[in-house]
Amino acid sequence: MFEGYDVLIVGAGPAGCAAAYDLARVGKRVLLLDKRSFPRHKACACGLTRKTMGALRYSVEPVVERVCREIVLQIAERPGAGALADKGREVRVKTRNPICAMAVRERFDDFCLKQTLAQGAELRKIEGIVALREVAGGVEVDVAVGDGGVETLKAPVVIGADGSNGQMRRLASQLENGSPSAQDPEWYARGFALEAIVPYAALPTKLPEGDGPLDLVFDFSPIVGGYGWLFPKGDHINIGVGGFVPRTDNAANNDRPHERVTRTLLNLYTMQKLGVDLAAVGAHVTGQYLGLGGHAYVPRGRVLLVGDAAGLVDPLTGEGIHSALVSGQAAAAAVLEGGDVAAAYARELAGLQETLAFSHRAARSFYATPERGFKVMRTPILRSLVLKTYADGLPHTKLLARLAKAVA
Ligand SMILES: Cc1cc2nc3c(=O)[nH]c(=O)nc-3n(C[C@H](O)[C@H](O)[C@H](O)COP(=O)(O)OP(=O)(O)OC[C@H]3O[C@@H](n4cnc5c(N)ncnc54)[C@H](O)[C@@H]3O)c2cc1C
């Protein structure tokens with residue numbers, strides 16, 4: 001058994017690196033464990049909002065491929081959904097300041113990992129996590145290594161940053177409940193998103209629906225309970241479809257839109273928006289689950305969950321990198337506080353969870369009738385409020401109440 005680290009972090013994506021960076025820079029001995037070798041692909045449109053850029057501890061300018069100052073919101077009329085106002089299916093919202101920076105996840109994550117390792121954190125490639133045990137003085141982690149071997153590592157605190165598909169959330173839940181099998185906790189829900197990379201060179205001279213190739217588009221037409229997007233990068237468009245409306249307790253509404261996010265849907269959508277067939281242009285298509293429900297996560301013991309592992313994707317926007325950074329930093333702050341690390345993490349995480357609880361309610365309401373929410377965007381004051389919320393995070397309470405009323 002190896003015990004030389006203050007903190008073990010499983011997963012070296014944005015959440016794991018954010019935690020490791022803050023811990024390593026003040027001299028903590030940190031080991032990041034990841035089952036992939038970097039640089040590695042991760043399905044993600046990698047839109048970095050102003051609040052995400054603000055949360056990063058360093059500039060990521062070297063990997064930003066484009067900066068967008070306008071977003072285009074679109075919707076189609078659905079039968080029975082109530083007619084849209086006069087002015088068609090599109091709202092363009094422009095600002096002087098950048099709303100969202102565009103990067104490619106493979107390069108973004110590799111860049112962030114390098115910044116983190118430069119602070120003194122270490123990285124080790126593993127095959128996966130086999131078991132967790134809380135023991136006197138910390139947590140033991142059984143790690144699958146090459147050739148079928150298993151090694152045990154021990155540290156005072158372990159951070160689970162292994163994303164939506166990882167093992168840590170289930171193992172932490174098993175530890176908490178003492179159940180024989182590792183299952184997702186009650187509070188956890190998930191969405192799903194699929195994306196494709198379409199080079200500008202493969203596009204027709206004019207896009208079928210009149211979109212500009214450099215438009216940053218959120219389109220609420222292709223799926224109920226989610227949206228389609230066009231994110232313009234340096235040499236390609238990232239086009240995708242995601243469903244992430246939160247699970248509801250009402251059986252009649254217990255619809256799972258993410259189960260309808262399929263390759264066929266994405267291909268139809270790509271033909272409609274970009275006029276190309278994904279197979280014909282050899283587009284790279286990938287997808288992944290999104291971790292939701294984390295507004296109700298209660299940290300316990302000495303295993304802290306962060307990012308998608310903790311279900312912290314925003315259910316209104318599908319944005320998860322901001323939460324990954326903020327929760328990673330919150331976990332690091334809790335470790336540095338000392339004492340009851342779970343209670344400290346709960347306090348550090350409370351602001352983000354409050355925001356996500358608001359998004360959860362707003363998403364239920366918005367995705368039930370997006371046409372109504374879309375109408376809100378036609379009112380200039382509310383439009384700028386919604387935009388500011390997306391780019392910068394929630395405004396102060398008074399404005400928030402107004403926004404809540406508008407989308408309810
Ligand atoms: C198609 C799509 C588009 C998206 N677009 C955006 C967007 O534009 N903007 C935005 O903000 N968010 C977006 N998201 C959400 C965003 O990708 C996630 O919220 C974010 O990646 C979460 O970061 P994380 O560090 O928690 O997890 P991840 O980025 O998933 O990192 C987890 C890490 O853990 C490692 N790992 C997994 N399992 C194990 C294991 N068993 N053992 C060891 N290591 C393991 C993985 O290799 C990975 O490196 C999108 C998601 C999808 C699916």
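Indexing begins at 1, ligand by ligand and atom by atom, following the structure's order. Small disclaimer: the values here were computed from a predicted structure and weren't measured. Sequence positions, counted from 1, serve as the residue numbers for this chain.
Between Y58 and Y21, the ring planes are tilted. Angles from 30° to 60° get that label. Under the 30°/60° scheme for interplanar angles, the aromatic rings of F231 and F218 are found to stand perpendicular. The aromatic rings of Y227 and F220 stand perpendicular to each other, their planes meeting at an angle above 60°, with 30° marking the opposite boundary.
Surrounding CD of E61 are at most 12 heavy atoms belonging to other residues, nucleotides or ligands under 6.0 Å away. Other residues, nucleotides and ligands contribute at most 12 non-hydrogen atoms within 6.0 Å of the NZ atom of K94.
No N or O atom of G166 sits closer than 3.5 Å to an N or O atom of ligand 1. Between E195 and ligand 1, a contact under 3.5 Å exists for no N or O pair. Geometrically, ligand 1 and G320 share a nitrogen or oxygen pair separated by less than 3.5 Å.
Under a 4.0 angstrom heavy-atom cut-off, F192 registers as lying outside contact with ligand 1. At a 4.0 Å cut-off, not a single heavy atom of G287 sits close enough to ligand 1 to count as contact. Between C46 and ligand 1 there is a heavy-atom distance shorter than 4.0 Å. Residue E127 places every heavy atom at 4.0 Å or more from ligand 1. In this structure, R40 is part of the shell of residues with a heavy atom less than 4.0 angstrom from ligand 1.
Applying the ring pair (Phe, Tyr, Trp, His ring centres under 6.0 Å) test to every pair with at least one member in residues 296-347, sequence neighbours left out, gives these pairs: W187-Y297. Within the structure, side-chain hydrogen bond (donor to acceptor under 3.5 Å, both in side chains) pairs that include any residue of residues 23-32 comprise D6-R29 (at least two apart or interchain).
For ligand 1, the atoms lying closer than 4.0 Å to a non-hydrogen atom of F231 are 8 (O). Shown in contact with A324 at under 4.0 Å from a heavy atom are these atoms of ligand 1, numbered in order with element: 23 (O). Heavy-atom proximity to F38, at under 4.0 Å, picks out these atoms of ligand 1: 49 (O). With ligand atoms numbered from 1 in the order given, ligand 1 contributes 47 (O) to contacts under 4.0 Å with heavy atoms of R36. Close approach of ligand 1 to V313 is summarised as follows: ligand atoms under 4.0 Å from at least one heavy atom of the residue are 19 (O).
Closest to atom 37 (C) of ligand 1 among all protein heavy atoms lies D162 O, 3.2 Å. The shortest contact between atom 31 (O) of ligand 1 and any protein heavy atom is with G13 CA, 3.7 Å. Ranking protein heavy atoms by distance to atom 4 (C) of ligand 1, first place goes to A45 N, 3.4 Å. The nearest protein atom to atom 25 (O) of ligand 1, hydrogens excluded, is given as A15 N, 2.9 Å; this is a heavy-atom distance. The closest protein non-hydrogen atom to atom 52 (C) of ligand 1 is A43 O, 3.4 Å.
Closest heavy-atom approach to atom 22 (C) of ligand 1 among the candidates V10, T317, L292, D308: D308. For the residues L194, V130, L312, D34, the heavy atom positioned nearest atom 48 (C) of ligand 1 is part of D34. Nearest-residue assignment for atom 51 (C) of ligand 1 (options L325, V306, L290; heavy-atom criterion): L290. Between Q288, H322, K35, it is K35 that holds the heavy atom closest to atom 43 (C) of ligand 1. Nearest residue to atom 20 (C) of ligand 1 from R124, Q167, R105 is R105 (criterion: closest heavy atom). With distances taken over non-hydrogen atoms, the option nearest atom 2 (C) of ligand 1 out of C44, G291, C112, S164 is C44. Ranked by closest heavy atom to atom 8 (O) of ligand 1, the top entry among G47, G163, G307 is G47. Closest to atom 30 (O) of ligand 1 by heavy atom, among K51, K125, K42, H41, is K42. Of the options S37, A161, G11, the smallest heavy-atom separation from atom 32 (C) of ligand 1 is shown by A161.
Comment: K273 engages D219 in a salt bridge, judged by a side-chain N to carboxylate O separation of less than 4.0 angstrom. We find that D109 and K42 are not joined by a salt bridge, their nearest charged nitrogen and carboxylate oxygen being 4.0 Å or further apart. Here R92 pairs with E90 in a salt bridge; the nearest charged N to carboxylate O distance falls below 4.0 Å. Classification of D34 and K125 as a salt-bridged pair fails, no side-chain N sitting under 4.0 Å from a carboxylate O.
Side chains of I126 and E151 form no contact here, defined as non-hydrogen atoms less than 4.5 Å apart. Side-chain atoms of V285 and E195, non-hydrogen and from C-beta on, never get closer than 4.5 Å to each other. Under the 4.5 Å side-chain criterion, counting only non-hydrogen atoms from C-beta, L325 is in contact with P14.
Each of K154, R302, R133 was checked for a salt bridge (charged side-chain N to carboxylate O under 4.0 Å, His left out) with E140, and the lone residue meeting it is R133.
Contact annotation for M168 and ligand 1: no heavy atom of the residue comes within less than 4.0 Å of the ligand. In A193, the parts holding a heavy atom less than 4.0 Å from any atom of ligand 1 are both the side chain and the backbone. For T286, no heavy-atom contact with ligand 1 is shorter than 4.0 Å. At a heavy-atom distance under 4.0 Å, no atom of F108 approaches ligand 1. Both the backbone and the side chain of I321 come within contact range of ligand 1, each with a heavy atom under 4.0 Å.
Summarising the geometry, atom CG belonging to D142 is positioned 8.5 Å from atom CG belonging to L132; distances are rounded to the nearest 0.5 Å.
In terms of modelled atom types and a separation under 3.5 Å, the side chain of T317 and the main chain of E319 share a donor-acceptor contact. Side-chain N or O atoms of N177 include none that pairs as donor or acceptor with a backbone N or O of S179 at under 3.5 Å.
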